[in-house]
Amino acid sequence: MAFVPLAPLPDRQAPRGMVCAVDHLAAAAGAEVLHAGGNAVDAAVAANAVTAVTTQHQCGMGGDLFALVHLPGEPSPAALCASGRSGSGADADGLRAEGHTRMPPTGDIRTVPVPGCVDGWVALHQRFGRLPLADLFAPARSYAADGFPASEELALAVAAFRLAADDYRHVEQGRLVRRPGVARALDAVARHGRAGFYGGEFGEGLLALGRGHYTEDDLARSQATWVEPLVVEAWGRRIWTVPPPSQGYVTLSSAWIAHGLPVPDDPAEPLWAHLLVEAARQAGYDRPAVLHEHADGRALLAPERLLPRRAAVDPERAAVLGGAYADSGTTYLCAVDEDRMGVSLIQSNASGFGSLLVEPDTGIPLQNRGIGFSLEPGHPAEYGPARRPPHTLAPALVTHPDGRLDAVLGTMGGDAQPQIVLQLLARLLLAGQSPTEAVAAPRWTFAGSFDTWDAGGAVEVRVEAHAPTAWVEGLASRGHRVEQAQAFSHPFGHAHVVRVDGDVLEGAADPRARCSAAVGF
């Protein structure tokens, strides 16, 4: 049954700090860290550690992480890529010889890059952290060891995926669940840093499970890298994201294209939906060909590349891209502190429970982010040793022209992440909506979780049931293929926003995630 709020969602405002997360326990843990004197990075790491316990069907220590950190007075945010690399035994020829034309999505260790999450936590903490890691992990460690009540979504995911691990049997909504192996892993990182994880119980189990796919050197190499962020100017703001292998450039390209189009101020207008759909299609249709770890993000955002795409947008008709057009498991969180340091952090298994493989000693599910690799010989994203796959994770951060923080925002949603963030940006910056209005508003996305762009721009537009009727009629009349879907449903993302409004912080957590929360003080 579709979830529809019984009453308008309340605005969440606070003067000193705000944390938004998919799980209310995580958001509360982040807010507690702010109360204890921690900064926004401390809060984000603490909140993410809790989701790694309570939301393992979407994220966890076996997945990857990307983050943007705004420091007051700095001209640009710090950008972190903690995307894991494939093992030294990665062999595209071997997969092709077995008859594979695409990376196997589940049940195959070759689809599991070395997880980057813990390296991401350690890198964030070493550069910006204020409180000890043990303090940041304390709430997560307590929930893992002593138990937490299972959410509806976790119970449903466990029943659907049936992982072969004791921790994932007989999970019932509202009943306490314990993750003792995760508690041990958190303790090991708190005491010994990354070596406690990659060189400890988890790492030993991963090496054994990989049967030669990984080496000790693969695990000894940090998966976290500080990189130069990407930026565009649109709607009077500077919009930032992380560079490839992230698909974040698609978000920025979409916003830049849309900024130069006659997008109405009123999101209820059918032209609003059409022009944003077309901007997103023009920005992303060739993503499979151009996105890889060595792609030049600035070149992908160059005006000479995007101007023809903007010019190809017709207000009255859907463009033909990639053929006859008419015919995940991720969590995002954000935090802002009293000094207005802002963190936009996204962390993921890729699909729900990732590869469906579990490191047996700790019980930590392993991601399947390797599905982003290509098996086409010579492709720049071809599967091979020590490579990072193309990534859907795409956090966003917005600043004023003078460098002040405006907002941190992002969402889960696989290939749909840039489409969802584009709509949030248009609602916040063009329509002037509040974070709560923007997050709860109806959305459109393109069909597909990780294969949206397989046919180029020949996509199907899905529209939530609570969207204006004029959207469906207006999109269809312009040649779009439209499908209506349930209101407030999982495929339309779990988006969160914290915005700075003078001396007040405004936060919103997505009602599509049943237990999400925005917590401030």
Side-chain angles (χ1 to χ4, degrees), residues 2-11 234-237 239 251 254-283 310 313-319 396 398 406-407 409 411 413 416-447 459-497 499 501 506 508-512:
F3 170 73
V4 180
L6 298 178
L9 298 172
D11 290 328
W235 295 310
R237 298 292 190 274
I239 305 170
T251 307
S254 302
W256 192 91
I257 292 170
H259 171 65
L261 299 174
V263 179
D265 293 344
D266 183 0
E269 292 290 330
L271 184 60
W272 187 92
H274 167 68
L275 291 177
L276 292 186
V277 164
E278 288 297 277
R281 291 178 64 221
Q282 290 287 348
R310 179 190 284 169
V313 174
D314 184 343
E316 300 303 324
R317 194 70 187 166
V398 182
D406 182 286
L409 69 159
T411 184
Q417 289 180 34
Q419 302 146 39
I420 296 167
V421 175
L422 172 66
Q423 292 168 78
L424 292 174
L425 291 169
R427 289 182 178 277
L428 293 167
L429 305 181
L430 178 62
Q433 293 185 341
S434 72
T436 298
E437 292 172 320
V439 168
R443 297 174 188 155
W444 54 264
T445 64
F446 300 147
V459 297
E460 180 178 56
V461 184
R462 297 180 302 188
V463 177
E464 285 189 289
H466 62 302
T469 302
W471 276 20
V472 176
E473 296 173 350
L475 290 170
S477 69
R478 289 171 168 85
H480 297 279
R481 187 174 56 172
V482 183
E483 174 190 349
Q484 287 190 280
Q486 289 185 337
F488 294 98
S489 59
H490 181 82
F492 290 88
H494 298 164
H496 311 308
V497 176
R499 196 164 193 202
D501 182 13
E506 297 182 67
D510 205 315
R512 295 164 184 83

A.B. asks: Considering only heavy atoms from C-beta outward, does the side chain of Asp406 approach that of Arg499 to under 4.5 Å?
C.D. replies: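 Yes, side chains in contact.
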
A.B. asks: Could you walk me through whether His496 and Leu424 pass side-chain contact (heavy atoms from CB on, under 4.5 Å), step by step?
C.D. replies: CA-CA 10 Å; His496 311 308; Leu424 292 174; over 6 Å; no

A.B. asks: If we ignore hydrogens and angles and just use 3.5 Å, is the side chain of Glu460 paired with the main-chain N or O of Glu483 as donor and acceptor?
C.D. replies: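 No.
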
A.B. asks: Of all the heavy-atom pairs spanning Ala476 and Val482, show the shortest one and how long it is.
C.D. replies: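 Closest approach of Ala476 to Val482: N-CG2, 4.0 Å.
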
A.B. asks: For the residue pair Val313 and Glu278, what are the closest heavy atoms and their distance?
C.D. replies: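 Between these two residues, the closest heavy atoms are CG1-CB, 3.8 Å.
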
A.B. asks: Is there a side-chain contact between Val463 and Pro442, using heavy atoms and a 4.5 Å cut-off?
C.D. replies: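 In short, these two side chains do not touch, never coming nearer than 4.5 Å.
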
A.B. asks: Under 3.5 Å, which donor-acceptor pairs link side chains of residues 464-474 to any protein atom two or more places apart or in another chain?
C.D. replies:
| unit_1 | atom_1 | unit_2 | atom_2 | d |
| --- | --- | --- | --- | --- |
| Glu464 | OE1 | Arg443 | N | 2.9 |
| Glu464 | OE1 | Arg512 | NH2 | 2.8 |
| Glu464 | OE2 | Phe488 | N | 2.8 |
| Glu464 | OE2 | Arg512 | NE | 3.1 |
| Trp471 | NE1 | Pro267 | O | 2.9 |

A.B. asks: Leu425 versus Leu409: any side-chain heavy-atom pair under 4.5 Å?
C.D. replies: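 Yes, their side chains come closer than 4.5 Å.
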
A.B. asks: Would you compute the distance between atom CD of Gln282 and atom CD1 of Ile257 and round it to the nearest 0.5 angstrom?
C.D. replies: 6.0 Å

A.B. asks: Is there a donor-acceptor contact under 3.5 Å from the side chain of Arg281 to the main chain of Ala319?
C.D. replies: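 Side chain of Arg281 to backbone of Ala319: a pair is present.
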
A.B. asks: Would you sort out whether Gln417 and Thr251 count as a side-chain contact (heavy atoms from CB on, under 4.5 Å), showing the intermediate values?
C.D. replies: CA-CA 8 Å; Gln417 289 180 34; Thr251 307; over 6 Å; no

A.B. asks: Is the side chain of Glu437 donor-acceptor paired with the backbone N or O of Ser434 at a distance under 3.5 Å, no angle test?
C.D. replies: yes

A.B. asks: Classify the ring geometry between His490 and His494 as parallel (under 30°), tilted (30 to 60°) or perpendicular (over 60°).
C.D. replies: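 The rings of His490 and His494 stand perpendicular, inter-plane angle above 60°.
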
A.B. asks: Between Trp444 and Gln423, what is the shortest heavy-atom contact and its length?
C.D. replies: O-NE2, 2.7 Å

A.B. asks: When rounded to the nearest 0.5 angstrom, what is the spacing between CG in Leu271 and CD in Glu316?
C.D. replies: 7.0 Å

A.B. asks: Check Gln433 against Leu428 and note the closest heavy-atom contact, atom names and distance.
C.D. replies: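 Between these two residues, the closest heavy atoms are O-CD2, 3.5 Å.
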
A.B. asks: Please report the closest heavy-atom contact between Ala234 and Leu429, naming both atoms and the distance.
C.D. replies: O-CD1, 4.4 Å

A.B. asks: Might you point out which heavy atoms bring His274 and Asp314 nearest each other, and give the distance in Å?
C.D. replies: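 Closest approach of His274 to Asp314, heavy atoms only: NE2-O, 2.7 Å.
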
A.B. asks: Could Arg462 and Phe492 be counted as a cation-pi pair, given that NZ or CZ must be under 6.0 Å from the ring centre and within 45° of the axis?
C.D. replies: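 Cation-pi check for Arg462 and Phe492: passes.
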
A.B. asks: If I take atom CG from residue Leu261 and atom CG from residue Leu275, how far apart are they, to the nearest 0.5 angstrom?
C.D. replies: 5.5 Å

A.B. asks: Answer whether the closest heavy-atom distance between the side chains of Val439 and Pro511 falls below 4.5 Å.
C.D. replies: yes

